[in-house]
Number of protein chains: 2
Amino acid sequence: MPKQAVKKMPCCDDTSPCSLPTDQSAEQIAALAWAIAHPARVRIVRLLISRNTCVCGEIVDEMPLAQSTVSQHLKILKESGLVQGEVDGPKVCYCINSEKLAALKSLVASL
Amino acid sequence: MPKQAVKKMPCCDDTSPCSLPTDQSAEQIAALAWAIAHPARVRIVRLLISRNTCVCGEIVDEMPLAQSTVSQHLKILKESGLVQGEVDGPKVCYCINSEKLAALKSLVASL
DNA sequence: CCAGACTATCGCATATCGACGATAATCAAT
DNA sequence: ATTGATTATCGTCGATATGCGATAGTCTGG
């Protein structure tokens with residue numbers, strides 16, 4: 001995960017001819033891209049998109065991964081904000097955070 | 001890098017109600033997303049986009065990273081196909097592969 | 001309250017990332 | 001050929017990702 005302490009980001013200073021977006025933007029893109037930088041997470045995201053209704057552990061059934069592993073990926077997706085989890089009784093329903101997804105699309109499109 | 005051997009991807013089989021794109025597509029997205037899943041690489045990509053002219057080791061000057069580290073990131077970007085390197089004398093000019101970039105945008109947009 | 005189902009978390013192992021310095025490799029020019 | 005500049009690669013280190021089984025936590029229903 002790109003969480004290394006970036007020493008300094010001397011971009012967009014006087015010596016640099018770039019009018020690039022802020023570094024914060026770079027980290028935003030990196031963080032969101034990171035969330036979908038694994039096939040399993042792409043599949044999960046697509047699964048959640050395809051089912052307008054939030055799904056829960058059914059995700060596990062769709063994936064060739066152990067439940068704990070899927071849960072781990074869901075955690076990563078939740079941390080990225082792309083996915084939201086909502087407790088529904090003993091189950092947990094996950095759904096796409098459309099705003100975050102739109103933000104990801106927008107950020108990538110504006111590259 | 002998500003290069004782990006995926007055991008099997010029983011998606012889109014008879015038991016699954018998904019008409020999702022192929023898993024290959026998931027790996028494509030994951031691979032491209034991975035390339036920009038690091039702030040430094042996002043910055044490099046933007047730098048290459050902003051300068052229509054290909055840049056070379058000037059990238060190093062723009063980044064708070066060691067030359068070897070930048071070279072490593074460039075290698076990753078090259079492997080993803082997002083960036084192309086062209087030897088120009090003792091220097092190496094890098095430039096964006098517009099097609100790959102477009103593919104990335106398209107893939108993300110079609111999520 | 002207890003049993004059952006569902007999910008999250010904990011360890012653990014392995015593999016890779018990300019960073020760096022040091023070193024090799026490459027090319028132009030002298 | 002040698003030098004100088006530029007870039008790639010190597011080796012190392014710490015941190016993290018990824019996978020799993022096992023376990024703990026949580027909630028519902030009887």
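Below, read A as the first sequence line, B as the second, and so on, with proteins coming before strands; counting in each chain starts at 1.
- For the pair L77(B) and L48(B), the minimum side-chain heavy-atom distance is 4.5 Å or more.
- Remark: the S80(A) side chain and the R41(A) side chain contain no N/O donor-acceptor pair separated by less than 3.5 Å.
- Taking the side chain as every heavy atom from C-beta outward, L104(B) and I36(B) approach each other to under 4.5 Å.
- Within residues 80-93 of chain B, the residues that have a heavy atom under 4.0 Å from DNA chain D are, in order of number, P90(B), K91(B), V92(B).
- OP1 and OP2 of dT16(C) both lie 4.0 Å or more from every side-chain N or O belonging to H38(A).
- Going from atom CE of M63(A) over to atom P of dG19(D) covers 8 Å, rounded to whole Å.
- Separating the NE2 atom of H73(B) from the C1' atom of dA8(D) is a distance of 15 Å, rounded to the nearest angstrom.
- Contact annotation: the side chain of L107(B) never approaches that of V108(A) to less than 4.5 Å [non-hydrogen atoms, C-beta and beyond].
- At whole-Å resolution of the value, CG in L74(A) and C1' in dG19(D) are 15 Å apart.
- Taking only side-chain atoms of L65(A), from C-beta outward, the nucleotide of dG19(D), dT9(C), dA17(D) with the closest atom is dG19(D).
- For K75(B) and dC17(C), the NZ to P distance is 10 Å, given to the nearest whole Å.
- Q72(B) has its CD atom 13 Å from the P atom of dG11(D), to the nearest Å.
- H73(A) is listed as a side-chain neighbour of T69(A), based on a closest heavy-atom distance under 4.5 Å.
- A donor N or O paired with an acceptor N or O is found under 3.5 Å between the base of dG21(D) and the side-chain atoms of S68(A).
- Minimum atom distance to the side chain of Q67(A) is reached by dA22(D), of the listed dG18(C), dA22(D), dG21(D).
- Remark: T69(A) is in phosphate contact with dC20(D), judged by side-chain N or O atoms under 4.0 Å from OP1 or OP2.
- Atom CD1 in I44(B) sits about 12 Å away from atom C1' in dG18(C), given to the nearest Å.
- The side chain of S71(A) lies closest to dT9(C) when the candidates are dG18(C), dT9(C), dA8(D).
- Taking atom CD on E79(B) and atom P on dG18(C), their separation rounds to 12 Å, with Å as the unit.
- Counting heavy atoms from C-beta on, the side chains of V92(B) and L74(B) never come closer than 4.5 Å.
- Atom CD1 of I76(A) and atom P of dT9(C) are 12 Å apart (whole Å).
- Heavy-atom neighbours of E86(B) CD from other residues, nucleotides or ligands within 6.0 Å: at or below the threshold of 12.
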